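Here the structure is laid out as structure tokens; the discussion comes afterwards.
Only heavy atoms go into these numbers, but all of them, side chains included; no hydrogens, no water, no symmetry mates. Everything numeric in this text was worked out from a predicted model, so none of it was measured.
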Amino acid sequence: MAPQVNLSSLLTLHNLRMDPVLAALEDAMMYGDEGEEERSECCAALIAAAENLGLRGNLLPRYLLHSITHTPNIVSETMERTGLPPGNSLRHIFHQDIALLYPIFTLPTSAFLRTEALDDYEPTKNVYDKTEDFILPLLDAAKTTEDYAEALLTFYARYGCGDIASYSVFRWDSAAHHICGVDHFERPRMKDIIGYQHQKELLIRNTRAFVLGKPSNHVLLVGARGTGKSSAVKALVSEYEDSIRLVQVTKYQLRDLPAIMNELRRYAGRKFIIFLDDLSFEDSDTEFKAVKSAIEGSVSSCPSNVRIYATSNRRHLIRETWREREQDEVYRDDSINETISLSDRFGLIIQYHTPDQEEYLAIIDHMLTQKGIHLTPEELRIAGLRWEMTHSGRSGRTAQQFVAYYLGNNE
């Protein structure tokens with residue numbers, strides 16, 4: 001006779017009953033020997049989930065683990081909101097729920113569904129989940145149901161739950177008023193950004209202080225186009241993958257910054273960097289004041305777990321003209337102060353210069369070397385400078401474009 005697990009008794013994890021696979025499992029257990037159709041439905045749903053999620057091995061416990069670590073519940077949500085471990089009562093009830101589910105965690109899938117093929121399943125495509133490297137050894141070492149529960153609480157404290165655990169990079173969904181994980185994200189590494197060592201050190205030092213809970217600043221990276229300002233911010237994801245989450249916000253979403261701040265405030269146990277890329281304004285843009293208030297000046301303060309990192313080609317973020325400098329306004333200083341008031345709210349301003357010729361060629365050489373191509377200094381100089389003269393000057397972006405052209409046109 002198949003083991004029975006009464007999912008209706010779950011309290012902190014009661015939302016698992018709404019999961020289609022586990023709901024089908026509950027039906028199969030309820031009908032017992034006569035539930036062949038329900039067992040088949042559960043197996044079909046479990047196989048589909050395994051192929052979509054890349055689950056392997058003993059499928060039922062692997063799917064249950066995925067559901068508990070990726071579906072928010074009252075325990076994970078409370079830990080996120082407060083940044084604290086669960087209280088004694090909530091912890092005790094969570095332990096009871098895990099004890100109830102323990103047979104599913106430890107028995108072969110065939111004990112419930114009578115299909116041995118799911119006891120050691122191999123999906124068509126394995127999907128790597130970094131969180132598995134953390135949680136699976138803890139569960140393998142667990143001796144009791146209490147150990148199992150504490151392993152899951154340790155996971156929540158380290159990674160969170162749901163999309164917060166699954167993604168490192170997010171975008172703001174204006175329609176849903178919610179952050180959404182980004183599946184495909186370019187992951188540059190700081191060591192692959194050639195030059196700008198001082199700038200990178202300033203950025204890393206400020207981010208490290210933020211991660212450690214020390215005083216830190218909002219950051220403005222400003223200077224010549226194509227010099228790697230955006231890449232440096234994106235590279236922080238690889239540098240601090242377990243510690244920070246990057247949230248990209250477009251210029252046209254800046255008026256949503258108060259809502260974004262409130263959303264991120266809910267995750268007190270996480271650190272977020274709001275990334276404003278290529279930021280610039282005309283003097284009539286209403287978003288200008290929205291950013292000012294979000295950083296400093298609003299009644300609602302910027303959450304302590306949020307910092308804003310922005311990149312721009314303009315020193316003061318707003319277009320300036322000689323006509324404005326020569327204007328006949330009575331209180332001319334007031335106009336100037338308004339112009340620089342936003343950039344002044346960034347406590348750390350990092351300047352990026354156009355690379356000189358040697359720096360530009362060094363960037364090309366590094367990128368080609370990564371692809372196994374080695375040019376002589378003379379070949380590098382001739383090809384690199386010829387490309388520069390027919391394009392938009394020296395920059396990391398121009399170097400990258402040259403490398404793409406070279407690789408595409410040379411065996």
* Determine, stepwise, if the pair Arg91 / Glu150 fulfils salt bridge (charged side-chain N to carboxylate O under 4.0 Å, His left out). => CA-CA 9 Å; Arg91 182 187 295 266; Glu150 287 302 316; 2.8 Å; yes

Worksheet entry | Criterion side chain to side chain contact (heavy atoms under 4.5 Å, CB included) on Val219 and Leu203, from CA distance to verdict | CA-CA 8 Å; Val219 181; Leu203 186 63; 4.1 Å; yes

So, Arg114 and Asp33, do they make that salt bridge, N to O below 4.0 Å? yes

Residues passing the side chain to side chain donor-acceptor pair (under 3.5 Å) test with Glu379, sequence neighbours excluded, are Thr376

Rounded to the nearest 0.5 angstrom, the CZ-CZ distance for Arg266 and Arg81 is 9.5 Å

Taken to the nearest 0.5 Å, the spacing of Glu41 CD from Glu38 CD works out to 6.0 Å

Hey, can you pull the donor-acceptor pairs under 3.5 Å for the side chains in residues 53-63, sequence neighbours left out?
{"from": "Asn58", "atom 1": "OD1", "to": "Thr109", "atom 2": "N", "distance (Å)": "2.9"}
{"from": "Asn58", "atom 1": "OD1", "to": "Thr109", "atom 2": "OG1", "distance (Å)": "2.7"}
{"from": "Asn58", "atom 1": "ND2", "to": "Leu107", "atom 2": "O", "distance (Å)": "3.1"}
{"from": "Arg62", "atom 1": "NH1", "to": "Arg56", "atom 2": "O", "distance (Å)": "3.2"}
{"from": "Arg62", "atom 1": "NH2", "to": "Glu132", "atom 2": "OE1", "distance (Å)": "3.3"}
{"from": "Arg62", "atom 1": "NH2", "to": "Glu132", "atom 2": "OE2", "distance (Å)": "3.0"}
{"from": "Tyr63", "atom 1": "OH", "to": "Asp19", "atom 2": "OD1", "distance (Å)": "2.8"}
{"from": "Tyr63", "atom 1": "OH", "to": "Asp19", "atom 2": "OD2", "distance (Å)": "2.7"}

Requested in this report: Kindly determine whether Lys234 and Phe185 satisfy side chain to side chain contact (heavy atoms under 4.5 Å, CB included), including the steps that lead there.
Outcome: CA-CA 9 Å; Lys234 293 176 182 177; Phe185 173 71; 3.8 Å; yes

Closest non-hydrogen contact found for Ser231 with Pro188 is O-CG, 3.6 Å

With sequence neighbours left out, the residues meeting ring pair (Phe, Tyr, Trp, His ring centres under 6.0 Å) with Phe112 are none

Exceeds 12 heavy-atom contacts within 6.0 angstrom, atom CZ of Arg386: no

request  = Classify the side-chain pair Asn73/Thr12 by whether it contains a donor and acceptor separated by less than 3.5 Å.
outcome  = no

- Task: Please lay out, stage by stage, how Ser166 and His70 fare under the test side-chain hydrogen bond (donor to acceptor under 3.5 Å, both in side chains).
- Result: CA-CA 7 Å; Ser166 302; His70 289 76; 3.2 Å; yes

Point to revise | Test side chain to side chain contact (heavy atoms under 4.5 Å, CB included) applied to Leu7 and Leu101, step by step | key: CA-CA 8 Å; Leu7 298 182; Leu101 295 169; 3.6 Å; yes

Does the Lys NZ or Arg CZ of Lys271 fall within the cation-pi geometry relative to Phe210 - under 6.0 Å from the ring centre and within 45° of the axis?
yes

Just by distance, no angles: are the side chains of Glu51 and Thr124 close enough, under 3.5 Å, to form a donor-acceptor pair? yes

Taken in chain and number order and not counting sequence neighbours, the residues that satisfy side chain to side chain donor-acceptor pair (under 3.5 Å) with Asn217 are none

Output side-chain donor-acceptor pairs under 3.5 Å for residues 190-201, partner residues at least two apart or in another chain, one line each.
{"from": "Asp192", "atom 1": "OD1", "to": "His366", "atom 2": "NE2", "distance (Å)": "3.3"}
{"from": "Asp192", "atom 1": "OD1", "to": "Gln370", "atom 2": "NE2", "distance (Å)": "2.9"}
{"from": "Asp192", "atom 1": "OD2", "to": "Arg189", "atom 2": "NE", "distance (Å)": "3.0"}
{"from": "Asp192", "atom 1": "OD2", "to": "Arg189", "atom 2": "NH2", "distance (Å)": "3.0"}
{"from": "Tyr196", "atom 1": "OH", "to": "His353", "atom 2": "O", "distance (Å)": "2.7"}
{"from": "Gln199", "atom 1": "NE2", "to": "Gln351", "atom 2": "O", "distance (Å)": "2.9"}
{"from": "Lys200", "atom 1": "NZ", "to": "Met190", "atom 2": "O", "distance (Å)": "3.3"}
{"from": "Lys200", "atom 1": "NZ", "to": "Ile193", "atom 2": "O", "distance (Å)": "2.6"}

With sequence neighbours left out, the residues meeting salt bridge (Lys or Arg N to Asp or Glu O under 4.0 Å) with Arg187 are Glu241

Sequence neighbours excluded, the answer for salt bridge (Lys or Arg N to Asp or Glu O under 4.0 Å) partners of Arg307 is none

Practice item. Please step through side chain to side chain contact (heavy atoms under 4.5 Å, CB included) for the pair Ile308 and Leu220, ending with a clear verdict. Key: CA-CA 8 Å; Ile308 295 177; Leu220 174 61; over 6 Å; no

Paired with Trp387, the ring-ring contact (aromatic ring centres under 6.0 Å, His included) test is passed by just one of Tyr406, Phe402, Tyr360, namely Phe402

One should read off an interatomic distance between Phe272 CZ and Ile260 CD1, to the nearest 0.5 angstrom, of 12.0 Å

Could you walk me through whether Ser9 and Asn6 pass the side-chain hydrogen bond (donor to acceptor under 3.5 Å, both in side chains) test, one step at a time? CA-CA 6 Å; Ser9 297; Asn6 186 10; 2.9 Å; yes

Those residues at least two apart in sequence (or on a different chain) that pass ring pair (Phe, Tyr, Trp, His ring centres under 6.0 Å) with Tyr167 are none

- Query: Do Glu359 and Arg394 meet the salt-bridge criterion of a basic N to acidic O distance under 4.0 Å?
  - Reply: no

By salt bridge (Lys or Arg N to Asp or Glu O under 4.0 Å), Arg270 pairs with (sequence neighbours left out) Glu80

Requested in this report: Evaluate the side-chain hydrogen bond (donor to acceptor under 3.5 Å, both in side chains) criterion for residues Asp256 and Ser174: first the C-alpha distance (whole Å), next the side-chain angles of each, then the deciding distance (0.1 Å), finally the verdict.
Outcome: CA-CA 8 Å; Asp256 288 341; Ser174 298; 3.3 Å; yes

So CG of Leu375 and CG of Leu361: to nearest 0.5 Å the spacing works out to 10.5 Å

* To do: Indicate yes or no for a side-chain donor-acceptor contact from Asn15 to the backbone of Pro72 under 3.5 Å, with no hydrogens or angles considered.
  => yes

- Query: If you count the non-hydrogen atoms of other residues, nucleotides and ligands that lie under 6.0 Å from CD in Glu77, is the total more than 12?
  - Reply: yes

Would you call the rings of Tyr148 and Tyr102 parallel, tilted or perpendicular, where under 30° means parallel and over 60° means perpendicular? perpendicular

For Glu26, the salt bridge (Lys or Arg N to Asp or Glu O under 4.0 Å) test, sequence neighbours excluded, returns Arg17

By ring pair (Phe, Tyr, Trp, His ring centres under 6.0 Å), Tyr121 pairs with (sequence neighbours left out) none

Rounded to the nearest 0.5 Å, the CG atom of Leu246 sits from the CD1 atom of Ile179 at a distance of 11.0 Å

dist Ile363:CD1 -> Thr398:OG1 (nearest 0.5 Å) comes out at 9.5 Å

Closest non-hydrogen atoms of Gly160 and Ala165, given as atom of the first, atom of the second and distance, are O-CB, 3.7 Å

By ring pair (Phe, Tyr, Trp, His ring centres under 6.0 Å), His14 pairs with (sequence neighbours left out) none

* **Aromatic plane relationship, Tyr159 with Phe155 - under 30° parallel, 30 to 60° tilted, over 60° perpendicular** => tilted

Is there a donor-acceptor contact under 3.5 Å linking the side chains of Thr69 and Tyr156?
no

Determine, stepwise, if the pair Glu263 / His177 fulfils side-chain hydrogen bond (donor to acceptor under 3.5 Å, both in side chains). CA-CA 8 Å; Glu263 168 79 4; His177 266 60; over 6 Å; no

message: Is any side-chain heavy atom of Gln248 closer than 4.5 Å to one of Asp277?
response: yes

